[in-house]
Structures are given as structure tokens and as C-alpha cells.
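Letters A, B, ... mirror the listed sequences (proteins, then strands); counts begin at 1. It should be emphasised that the depicted structure is a prediction, and the values quoted were computed from it without experimental measurement.
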Amino acid sequence: MVKNKHSRLKKSFYTQTDVVGIAQELLGKILVTHINGELTSGMIVETEAYRGSDDKACHAYPYKKTDRTKIMFAEGGVSYVYLCYGIHHLFNIITSVEGEAEAVLIRGIEPIDGIDSMLERRNLKEFTPRLTAGPGSLSQALGINRKWHNAISLVEENSVIWLEDRNISIPKENIIASRRVGIDFAEECALWNWRFRIKNNKWTSKGKGLGE
DNA sequence: GTGCGGATGAACT
DNA sequence: GTTCATCCGCACT
């Protein structure tokens, strides 16, 4: 190995205190998992920000610390994986400093490495956007499981999940901000444009309420 | 200990 | 457009 252009994101990236900004910066970054000897990765194309201090949609609002949410209060650079609707494992990245409950939900990736493994995990035969579009789908494709991958480090040398910067930058005009979905209970916070995705990317999820 | 509902996806009509 | 699978976390008792 002569050069390492696939550099892992460092802890200092995750400990930034602007979770909405981080959610946008994460677009174009590479999410990689190395699970059961299978390396799979994809470029992040869709994210959502959540904040425990004032965001009613966040599990940890208002600074609510429970067995489930306590990991969100940790220093940035760890995972938060939880089960939704009893079926779907949703993968979040914890950000900010210790004591603040901020997280970015990864909602869509564009597959890069280990596509065969992903197809197998999803029990699909064809390579279609269904493979990884949507938070539940991409977690399954990458082999992310709540039992094994909740509250693990994304920055340690031997971690099985990490993020890479492959020098892909997304121009601001290609980032679409829209309302988050599935959080109608969050009242006025449901209107916040904290969902970000890459314009014209077919690997973004097909969730309802896509306000263009 | 018990009951209820959810940051979804897939398969329907 | 609608329905439903399916189980943990949380708020009670």
C-alpha cells in the first residue's frame, strides 16, 4: 500500500456540535462494514438529523436518558442501532460532545463494495435500488444488527463499521433538504427540513412526503 | 409484570 | 392508494 486515499473519518469529525451540518457533510462519504469476513460499503446519499435538546422527533428528547437512548449522550463517533416496528434495524451515527444527544440517521447509500454479499443478505437476485434505499434496507444489506452493532465505536482501529472520505464532494446545489418522514407526532419539529439527500440520485429512499 | 405503539418496507388493491 | 408483518422500549401498575 503506497497511499491511503481511503482515509477513515476521525473522531474530530463526529464531535462537531452542529448535527444538521454534519448530516449534510456525510453525503458523499462512504459507509463501510466488515462483518463476518464480508466487506461491504456504499456512498451515503441520504441522511436525517436528530437532536435531543429541542427536537421532538428524537428518541432522546427532551434530554431523555433511558437504557435505549443513553448511547446518544456519548461523545460522537459511536453507533446507535435500534429496532423499528419490530422488524427494521435503523443505523444512526452519534455526533457532538458527551452530554449532548445528537445523531444522524443514515437513510440511503449507493452500493460500492461487496454487492454480492448485500444481495445475499437482502435475498435479492437483481441489482436494484431496493437493495439499499431506505434505512431498514441498507442496514440489512450491510449486515448491521442491533444486537451486535449498537453502541460500538466507528473510529477505533479494529471497529467493524466505519466511515471513509474518498474525496467525493457534493456541491451544495445538489443537496436537497426536505421534511423528515414518519414523525408526524413531533408536531412543529416535523416541519424542519432536516432530511438531506443528493439530487437525482436513484439510491435515495422512496419515503412519503418528498417535498422537492 | 403488562400493554401499547413505533425515525419502515413490502405486498397488496 | 392501503394494510400488515412483528418485537423491543417505554410508561404505566
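In this structure, A/Tyr50 counts as stacked on the base of B/dA7 under the 5.5 Å centre distance and 30° plane angle limits.
Salt bridge present: A/Asp113 and A/Arg166 bring a charged side-chain N and a carboxylate O closer than 4.0 Å. Salt-bridge check for A/Glu164 with A/Lys29: failed, with every basic side-chain N at 4.0 Å or more from each acidic carboxylate O. The pair A/Glu75-A/Lys11 counts as a salt bridge, with a side-chain nitrogen and a carboxylate oxygen less than 4.0 angstrom apart.
In this structure, A/Tyr85 does not reach the B/dG6 phosphate: none of its side-chain N or O atoms is under 4.0 Å from OP1 or OP2. For the OP1/OP2 pair of B/dA7 and a distance below 4.0 Å, the side-chain nitrogens and oxygens of A/Arg195 include no atom meeting the criterion. Using a 4.0 Å cut-off, some side-chain N or O of A/Arg68 falls inside it from OP1 or OP2 of C/dC10. Side-chain nitrogen and oxygen atoms of A/Arg122 include at least one within less than 4.0 Å of the OP1 or OP2 phosphate oxygen of B/dA10.
Using a 4.0 Å heavy-atom criterion, one finds that A/Ile183 contacts the sugar-phosphate atoms exclusively. Across all strands, A/Leu83 comes closer than 4.0 Å only to sugar-phosphate atoms, never to a base (heavy-atom distances).
Cation-pi contact between A/Lys56 and A/Phe185: absent, since separation from the ring centre below 6.0 Å together with deviation from the ring axis within 45° is not met.
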Could you list all N or O pairs between the protein and nucleotides 11-13 of chain C that sit under 3.5 Å apart?
from	atom 1	to	atom 2	distance (Å)
C/dA11	OP1	A/Lys64	NZ	3.4

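You'll find the ring centres of A/Trp162 and A/Phe13 outside the 6.0 Å limit.
Judged as a salt bridge (charged side-chain N to carboxylate O under 4.0 Å, His left out), and not counting sequence neighbours, the contacts of A/Asp54 are A/Arg51.
Looking at which nucleotide of DNA chain C each of A/His88 and A/Tyr82 is closest to, the 5′-most match is held by A/His88.
Remark: of the listed residues A/His34, A/His149, A/Arg8, A/Arg8 is the sole one forming a side-chain hydrogen bond (donor to acceptor under 3.5 Å, both in side chains) with A/Ser159.
Donor-acceptor pairing under 3.5 Å, judged by distance alone, is present between the side chain of A/His59 and the base of B/dA7.
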Dot-bracket summary - DNA chain C, pairs being Watson-Crick or G-U whose distances fall under 3.5 Å, with | when paired to another strand
|||||.||||||.

